[in-house]
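This report concerns only the one structure given below.
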Amino acid sequence: MAETTALSERRETEIMTVNIGPHHPATHGVLRLVVDLEGEVVRDLRPVIGYVHTGIEKSCEDKSYWKVIPFVERMDYVSYFFQMEAYCGAVERLVGLEIPPRAKYLRTLFLELNRIHSHLVWLGTTALDLGAISMLWYCFRERDRILDLFEMATGQRMHTRYFQVGGVIEDIPLGFEQKCRKFVSEMPVRVGQYEALLDRNEVFLQRTKGVGIVPRERLLELGVTGPLLRAAGEPWDLRKAFDYLAYPEMDFKIPVGTVGDNYDRYRVRVAEMVESASIVAQCLDALPEGPFIADDRKYVLPPRSELSTSMESLIHHFKLVTEGFRVQAGEIYYSIESPRGELGCYVLADGSSKPSRVHFRDPSFVNLQAFRDMALDSYVADMICSLGMLDPILGGVDR
Amino acid sequence: MPDAPGLELLRGEIERDRPGAVLATSFEREQGALLADPEQILAVLAWLRDEPGQRYRFLSSLHVADYLPAEPRFGVHYELLNRDRVERIRVKAMLADPGDGSLPAIDSCVELFPTANFQEREAFDFFGIEFRGHPDLTRILLPDDYVGWPQRRDFPVGGEPVTFTYNERNYG
Amino acid sequence: MEVERRSFEARQASSRQMLRGDLEGEDLERYVEEKVVTTTFEKMINLARANSIFPLTFGLACCAIEAPISIVTARYDLARFGAEALRASPRQADLIILSGRVSIKMAPVVRRLYDQMLEPKWAISMGACSSSGGMFSNYAVVQGADKFMPIDMHIPGCPPRPEAVMYGFTKLQRKIIGSPDQGWRQRYNAAGTEEWARGGPASKPSPEAAAAYEQARELARA
């Protein structure tokens, strides 16, 4: 602040404080920015968040373990499968439940479809901010096809509650594989079309190239992960670093940028979409046969058909549905790579059937701290571009 | 990831520089944790960050959990990560509720890990834990005039009971 | 004069004749009777209002991806109902779609946006959260947006499909055309933008409003 006042005395330009949001079409939700402007240049910036604070973490303490899943999905509402995986994976590690191979592959498949979906929403809305309106139409065309796939397998477009502690709740239906293969074979072509629209667009290039550069070391200090960090040249991806689900068996590359400007961020995400499509195809190729959910009756609902024949199944079903399963006291931190970076879930169990604390380390929340560095001393228009490229989901920021 | 004997070795090394800084170690579910003395938390974090051979330079997450019936009740968790060896370690500091209306306090680690800025504000917002030396310790997610620390275990969840038209018509 | 309904071709032919100036006498009378619709001025205005709604570009949470964004894209295309012109400023908009949960921090902002919109204005509460608090019955979420602002239409779902939003939207159009005054203004005894404007928050509703409320309850019971 001292620096900015010194500047204003020297240049005889008044520093003007402008409030942007919480209702503003370019803030991707209800983010509020208090910006100090000198002319058109951003001299200081303070994000004000909390406008969709929902108290999900508190509500989770009041629900039994399996009822928490729909709550955590609604945090980051673009990448709901990732929230489910972070939570279910944490609980599985708490109770020591191994999930069957088919469930691992199915989860990987849906996570990667969700990653494509999330990047499509990002690309459509961010390109819209930069004036490329047609991108929104193309991206949402593909997004609707992914949602059709979700709906086919799970019955819901958004917030599917498909992952279950122990596996997935239902096998994929007949015809899903065919439809999914058709989609993933077309997706690289579509991505090529997006690139053709944007990569030679002079307006887009001038607004993204060389804008919003933050050095790699600073990003790491600020705890930034995900495509933002990879665009700065750091090949850090939890899918490669830790082995979870079927990722060790998958063959995929980590796209990495060089400069770390907004253009690199765009390139990294677009390249990730192609990689994700390839992972989905590999999952379909190598999908093992067998059960899709673990066979431990203490934690997993028995199949419907057993309820009318087996008394024991009925008792288990009743116990699980009314009280839920109990988890021994303990705590766990489990992290996965979401489309925005490291998504960590901390679960504290106190021995009852309700978690004593569920906390999410949301990547949007942590990455938002880098926004000041990205936008400082740039134009207001570039700040909007940087915000789009940061890709914060305010539901995840505020939880 | 350091296993149970490894954690004890680590504790011994920290103890050599800072006697009494680590109170206990625990290793459960393949995750190691150091229970640190809240007064010396910065020393432990700085040692883990800068000591050659350790270099846990990335703070993944800072969060607080309320272990209510237990005493001391608040646990401040630091999830550290070494990105070269892909190792995680958790540092825990337990804080007691002073009980006289004042807030439990611990040193802020924003100087060591700038990423903790928002996360410490969030912890202050929800649990009322004061981070000494934080540059801007204000409420972050809740309105500025909010009263109470909503994610403590003894804070009510809130909300309203659901009433249905049928019940209202017949019994209301 | 009784006008019998003629075939499309016949009507087209007489239009052509009219333009050439060939239509005279009784034929001309009949042509005018066929073409002109008489209605009241209010009905005409309402018809125009219902079919040229300018929604506010406003998103809160999950539903924001479905309602303001997804329904204007190619598959759903709200432009078919005359509402594709999303307006970013509340002063240019006449419909606010509350898409998502309203937190206690956001509620004053939403109310202020609503107050800034010019009359006549409508509000759709989309999804379970903004209608009733939904699953989030806790300290942070306002349990139903109609606690702090009047809502004309509730759309259930979590989140509602775009088709459901469009159905709700067409229902709102019916409401605007059919009974423009059967909205919140009567229920809340409101004039202008303020509810309870005449007697303060603790006052009783006017006799007309109370009668309308009783009538609505009777209808609900039947």
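Residue numbering restarts at 1 for every chain, and letters A, B, ... go by the order of the sequence lines. What you see below is based on every heavy atom in this structure, not just the backbone, and it leaves out hydrogens, waters and symmetry mates.
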Report summary line: Honestly, the part of A:Val48 sitting under 4.5 Å from a heavy atom of chain B is neither
Query raised in the report: Is the closest basic N to carboxylate O distance between B:Arg57 and A:Glu217 below 4.0 Å?
Result: no
Query - A:Ser335 vs B:Arg88 side-chain heavy atoms within contact, under 4.5 Å - result: yes
Requested in this report: Would you mind reporting whether A:Pro47 and B:Phe118 have side-chain heavy atoms less than 4.5 Å apart?
Outcome: yes
Query raised in the report: How long is the gap from OG on A:Ser356 to CG on B:Leu68, to the nearest 0.5 Å?
Result: 8.5 Å
**Report entry** Under 4.5 Å from a heavy atom of chain B, the part of A:Tyr346 involved
**Finding:** side chain
Report task. Quick one: do B:Phe113 and A:Leu222 satisfy side chain to side chain contact (heavy atoms under 4.5 Å, CB included)? Show the steps, please. Result -> CA-CA 7 Å; B:Phe113 300 103; A:Leu222 289 169; over 6 Å; no
Query raised in the report: Under 3.5 Å, is there a donor-acceptor pair linking the side chains of A:Glu221 and B:Thr115?
Result: no
Query - Minimum side-chain heavy-atom gap A:Glu61-B:Val157 below 4.5 Å - result: no
Query raised in the report: How far apart are the C-alpha atoms of B:Phe58 and A:Thr225, what are their side-chain angles, what is the distance that settles it, and do they pass the side chain to side chain contact (heavy atoms under 4.5 Å, CB included) test?
Result: CA-CA 10 Å; B:Phe58 191 84; A:Thr225 45; 3.6 Å; yes
Report summary line: Counting heavy-atom pairs under 4.5 Å with chain B, the top scorer among A:Asp350, A:Leu368, A:Leu94 is A:Leu94
Requested in this report: Could you label the plane-to-plane angle of the A:His359 and B:His63 rings as parallel, tilted or perpendicular, counting under 30° as parallel and over 60° as perpendicular?
Outcome: tilted
Report summary line: When rounded to the nearest 0.5 Å, the distance separating CD1 of A:Ile49 from CG of B:Leu141 is 5.0 Å
Query - Under 3.5 Å side-chain donor-acceptor pair for B:Tyr67 and A:Glu331 - result: yes
Query raised in the report: Highest number of heavy-atom pairs under 4.5 Å with chain B: which of A:Ala370, A:Gly96, A:Gly330, A:Gly344?
Result: A:Gly330
Requested in this report: Sort out for me which of B:His77, B:Arg139, B:Glu28 touches chain A most, counting heavy-atom pairs under 4.5 Å.
Outcome: B:His77
Query raised in the report: Taking side chain as C-beta onward, heavy atoms only, is B:Arg29 less than 4.5 Å from A:Gln328?
Result: yes
Query - Shortest non-hydrogen contact from B:Phe155 toward A:Lys58 - result: O-NZ, 2.9 Å
Report task. Sort out for me which of B:Asp125, B:Leu112, B:Leu81 touches chain A most, counting heavy-atom pairs under 4.5 Å. Result -> B:Leu81
Query raised in the report: So, does B:Gln31 use its side chain to make a donor-acceptor pair with the main chain of A:Ile332 at under 3.5 Å?
Result: no
Requested in this report: Establish, from distance only, whether the side-chain atoms of A:Arg361 and B:Gln119 form a donor-acceptor pair under 3.5 Å.
Outcome: no
Query raised in the report: Should the heavy atoms of other residues, nucleotides or ligands under 6.0 Å from CD of B:Glu111 be counted, would the total exceed 12?
Result: no
**Report entry** Interface moiety of A:Val397 toward chain B, non-hydrogen atoms closer than 4.5 Å
**Finding:** backbone
Query raised in the report: Are any side-chain N or O atoms of B:Arg83 and backbone N or O atoms of A:Trp236, one a donor and one an acceptor, separated by less than 3.5 Å?
Result: no
Query raised in the report: For the ring pair B:Tyr146 and A:His53, is the centre-to-centre distance below 6.0 Å?
Result: no
Report task. Please test A:Arg357 against B:Gln151 for side chain to side chain donor-acceptor pair (under 3.5 Å), starting from the C-alpha separation and ending with a verdict. Result -> CA-CA 9 Å; A:Arg357 170 127 173 95; B:Gln151 297 207 354; 2.9 Å; yes
Report task. Could you tell me which portion of B:Arg49 (side chain, backbone, both or neither) has an atom closer than 4.5 angstrom to a non-hydrogen atom of chain A? Result -> neither
Query raised in the report: Are A:Glu342 and B:Ser60 side-chain neighbours, meaning at least one heavy-atom pair lies under 4.5 Å?
Result: yes
**Report entry** Minimum side-chain heavy-atom gap A:Gln369-B:Pro114 below 4.5 Å
**Finding:** no
**Report entry** From B:Leu142 atom CG to A:Asp398 atom CG, the distance as rounded to the nearest 0.5 Å
**Finding:** 10.0 Å
**Report entry** Side chain / backbone / both / neither for A:Leu348 at chain B, heavy atoms under 4.5 Å
**Finding:** side chain
